[in-house]
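Inspection log for the structure reproduced underneath, given as C-alpha cells.
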Amino acid sequence: MFKVEKRPSPSRFWSWMAPILAVVATMVAGGIMFWMLGKPPLEAIRTIFWDPLFNAQFASYSRPQLLIKAAPLILIAIGLSIGFRAGVWNIGAEGQYVIGSLTGAGVALALYPLEAWWIFPLMVVAGALGGFLWAMIPAILRIKLNTNEILVSLMLVYIALEIQSSMALGLLRNPDGAGFPGSRNLQQYPSAHNAEIWVGSSIHWGVIAAMLAVIAAIFLFARYLLGFQIKLTGSSPRAARFAGVNPNVIVAFCLGTSGALAGMAGMFEVSGPAGQVTIDFATGYGFTAIIVAFLGRLNPLGILAAGLLMALTYIGGELAQFIIGLPAAAISAFQGMLLFFLLAGEMFVNYRFVRIRKVVA
Amino acid sequence: MDWSAINPAFFIASIMVSATPLLLAAIGELVAEKTGVLNLGVEGMMITGAICGFIISVETGSPTLGFICGALGGAVLSLIFALLTQLFMANQVASGLALTLFGLGFSSMIGQGYVGIVPPDVPKLMEGADLSAFQRIALGHDAVLYIGLLIPVIVWYVLKYTRLGLVLRAVGEDHEAAHALGYKVIWIRVGAIFFGGACAGLGGAYLSLVRVPQWTDGMTAGIGWIALALVVFASWRPLFIIIGAYLFGGVTVLQLNLQAAGSTIPVEYLSMSPYVITILVLVLLSVLQKYGLLRAAAPAMLGRLFHASN
C-alpha cells in the first residue's frame with residue numbers, strides 16, 4: 001500500500017518533469033479525442049506539433065507566425081503570473097487586452113493622418129494606460145471594499161467586448177469605409193503601424209516588449225524586495241503581514257502590471273497583425289494566457305517556452321484545420337486538456353507516494 | 001420608443017424563463033461552496049450541459065432525455081474538477097478556470113454540426129394564445145422551470161433540518177473537525193461537486209432547449225459567472241438564490257425588451273447592463289459588509305485544500 005505525503009519542499013526534478021509529462025499526456029489524450037472525431041490521431045498530432053516547424057511546404061510561412069502569436073500570449077502571461085504568485089487572480093486579461101487595443105488605436109485614429117515619430121510610442125503608452133486603468137477597477141474595489149477581483153475582472157471582459165463593438169460600429173468606424181464596421185486599417189498608416197522591425201524577421205515591437213517583460217520579471221523575482229514580497233504573500237499571507245508587507249500595494253501592483261501588459265499586447269496586435277478595430281478583434285488571447293502562465297509554472301523563462309508551445313498549437317491547429325479538416329474548436333478543447341494535465345501533474349511536485357510499512361507485532 | 005410593445009404577462013413569464021438557467025447553476029454552486037469547494041467551472045459545466053442536452057434531444061426527439069443528458073454532461077465534467085481538486089489536490093481557482101476553458105472548447109467542437117437547428121418543442125403545462133395573465137405566468141411553463149423553483153426549497157430544507165445538511169455544513173466550516181469525527185471529507189465534497197455539476201448542466205440544457213432555443217458557440221455568455229456572483233449575493237442562503245435569479249432575469253429581459261422596443265440607448269450599452277449590474281451588486285454587498293450591516297457568510301473552508309495527514 002502507498003500513501004500520499006506532503007514533501008518538505010517542492011521537488012526540483014518534478015517541477016521540470018510535470019510540464020513535460022503533461023504535454024505528452026495531452027498528446028495522447030488529444031490523439032484519442034481526434035480519433036473519436038474520425039481524424040487520424042498520429043497525423044493530427046504531427047500536423048499540430050511538427051508540420052508548422054519542419055514541413056517543407058508550410059514551414060516557411062508558419063515558422064515566422066510563431067513569434068507573432070507567441071508575443072501577446074507571453075506578454076499577458078508574464079503579467080498574470082506575477083498576480084497568480086501573490087494569490088491575486090486577474091482573469092479579466094481579455095478585457096484589458098481589448099481596452100488597450102481601443103485606447104492605443106484611438107490615439108492613432110485621433111491623430112490621423114499626421115505623420116510623426118512620436119505617434120507610435122504614444123500609442124504604446126495609451127494602450128498600457130488603458131489596460132492599467134481597466135485593471136484598476138477590480139484592484140480598487142478589492143483594496144477599498146474587499147470585493148472579489150475574480151468576478152469583477154471577469155464581468156469587465158464582457159463589458160469591454162460590448163464597448164469594442166460599440167467603438168467598431170460607432171466612434172472609431174472608418175469614415176471612408178462605406179459604412180462597413182471596423183476602423184481605418186492602421187497597417188496603411190505608417191506612423192501607427194506596428195510593422196516588422198527587420199524585413200522578413202516577423203519581429204514586431206510586441207515581440208521586443210514580450211522579451212523585455214520576461215527579463216524584467218526575472219529581475220523582479222530574483223533581485224527585488226517587491227518580488228520577494230509577492231512570493232511571500234502568495235505562499236503565506238499571514239507571514240507576509242507580520243513581515244510588514246502591505247497587501248494593498250501587492251494587489252495594486254499585480255493587477256496594475258498585468259493590466260498594463262495586457263493592454264500593451266492588445267495595442268501591438270491592433271496596430272500590427274490585426275490592423276484594425278473590429279467587432280471580433282478579441283480572439284481569446286487573454287484566456288489562453290492563463291494556460292500559458294500555468295504551463296510555464298509561473299516562471300518567466302517557463303512562460304517564454306510555454307508561450308511558444310501554445311503559439312505552435314494555434315498555428316498547428318490552423319494547419320490541421322486546413323489539411324485534415326480538424327474543427328477549429330478542437331484546439332481550444334486540446335488546450336483546456338493541457339491545463340487539466342498540468343494541474344494534475346502539480347501534485348507530484350508537492351507530494352510524494354510513500355510505501356506504508358507493515359508493522360510487525 | 002414604444003412602451004406598449006411590452007406586454008406585462010409575457011414580460012413576467014419571460015423573466016421566469018430567463019432566470020431559470022441562472023437559478024439552477026447558482027443553487028448547484030451554492031451546495032458545492034457550502035462544503036468548502038469553490039468551483040469556478042460553472043460556465044464550462046453549463047455550456048457542456050447546453051450542448052449535451054441539445055444534441056440528445058435533437059437526435060432522440062425527446063426533450064426529457066435531453067434535460068437528463070444535459071445534467072449528466074455537466075456532472076461528468078464536474079468529476080474532472082473533483083478529481084483534480086480532491087484527489088490531485090490542485091488549486092481550486094485554476095482547476096475551475098481549466099474546466100471553463102475546456103468546456104467552452106469542447107462544446108463548440110462537438111456542437112459544430114448543430115448550429116441553426118431548432119430543437120424539439122418542450123411541452124408546457126398550459127399552452128395557447130388565449131391564456132389569461134395568471135395562467136401564462138403561473139402555469140404556462142415547462143416542468144423544468146418548476147423543478148428549478150423546487151430545488152432551492154429542497155436544498156434549504158436539507159441544509160437546515162437534516163443530518164445530511166449538518167454534515168455538509170460541517171465539512172464546509174471545519175474540515176479537520178469533520179474528518180476527526182469520521183466523516184469522509186473528500187467523498188462528501190465529490191458528491192457536492194457532482195450535484196453542482198448536474199444542476200449547472202441542467203441549467204445549460206434549459207438555455208439551449210427552452211430559453212433561446214438554439215445552439216450557438218459560447219451561448220452561456222457569462223451566465224455561469226453571474227451564477228457565481230449570485231451565490232455571493234444570496235450570502236449562501238438557498239431561498240435568496242430564487243430572489244436574486246429573478247432580479248437578474250428581470251434585468252436581462254428588460255434590456256432585451258428595450259432593444260426590441262427601439263430604445264434610444266445604444267444596443268451595446270443595453271447588452272452590457274447585466275454585467276454592470278452584477279458588479280454594482282457585488283460592490284453594494286462589499287459596502288454593506290464593510291460597515292457591518294451584513295455578516296460575511298462565506299463557509300470558512302471555502303477554496304481551502306484538505307489533505308488528511310493521517
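Below, chains carry the letters A, B, ... as their sequence lines are ordered, and counting in each starts from 1.
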Does any backbone or side-chain atom of [X] lie under 4.5 Å from a heavy atom of chain B? Answer side chain, backbone, both or neither.
X	value
A:Phe294	side chain
A:Leu338	neither
A:Leu326	neither

Report task. Quick one: which of A:Gly345, A:Gly336, A:Ala333 has the most heavy-atom pairs under 4.5 Å with chain B, could you say? Result ->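 Going by pairs under 4.5 Å, I would pick A:Ala333.
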Query raised in the report: So which of A:Pro327, A:Ala160, A:Pro138 has the biggest tally of heavy-atom pairs under 4.5 Å with chain B?
Result: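 Result: the option with the highest number of such pairs is A:Pro327.
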Query raised in the report: If only atom types and distance count, is the side chain of B:Lys290 paired as donor or acceptor with the main-chain N or O of A:Asn146 below 3.5 Å?
Result: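 Judged by distance alone, no pair lies under 3.5 Å.
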Query raised in the report: Okay, side chain of B:Tyr275, backbone of A:Leu156: is any donor-acceptor separation there less than 3.5 Å?
Result: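 No.
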Which value, rounded to the nearest 0.5 Å, describes the distance between [X] atom [atom1] and [Y] atom [atom2]?
X	Y	atom1	atom2	value
A:Met33	B:Ile110	CE	CD1	11.0 Å
B:Phe88	A:Phe348	CZ	CZ	5.5 Å
B:Leu97	A:Phe84	CG	CZ	7.0 Å
A:Ser332	B:Met109	OG	CE	9.0 Å

**Report entry** Smallest separation among heavy atoms of B:Leu101 and A:Leu339, with atom names
**Finding:**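 Where B:Leu101 meets A:Leu339 most closely, the heavy atoms are CD1-CD2, 4.1 Å.
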Go through the atoms of [X] and report whether side chain, backbone, both or neither lie under 4.5 Å from a heavy atom of chain A.
X	result
B:Thr278	side chain
B:Tyr269	side chain
B:Leu40	side chain
B:Ile80	side chain

**Report entry** Top contributor to chain A interface from B:Pro266, B:Ser107, B:Ala221 [non-hydrogen pairs under 4.5 Å]
**Finding:**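 Highest number of pairs under 4.5 Å: B:Ala221.
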Any heavy-atom pair between the side chains of [Y] and [X] that's under 4.5 Å?
X	Y	value
B:Leu84	A:Met347	no
B:Val276	A:Ile159	yes
A:Met155	B:Trp225	yes
B:Val267	A:Glu162	no
A:Leu343	B:Ser95	yes
B:Met89	A:Tyr351	yes
A:Phe340	B:Leu99	yes
B:Phe102	A:Met337	yes

Query raised in the report: Where do A:Leu169 and B:Glu268 land on the side-chain contact (heavy atoms from CB on, under 4.5 Å) test, with the steps shown first?
Result: CA-CA 10 Å; A:Leu169 298 168; B:Glu268 292 83 13; 3.4 Å; yes
Query raised in the report: Knowing that exactly one of A:Leu141, A:Leu151, A:Ile137 qualifies, which makes a side chain to side chain contact (heavy atoms under 4.5 Å, CB included) with B:Ile279?
Result: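 Of the listed residues A:Leu141, A:Leu151, A:Ile137, the side chain to side chain contact (heavy atoms under 4.5 Å, CB included) partner of B:Ile279 is A:Leu141.
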Query raised in the report: Heavy-atom count around A:Lys144 NZ within 6.0 Å, excluding the residue itself: above 12?
Result: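 Open: at most 12 neighbouring heavy atoms sit under 6.0 Å from NZ of A:Lys144.
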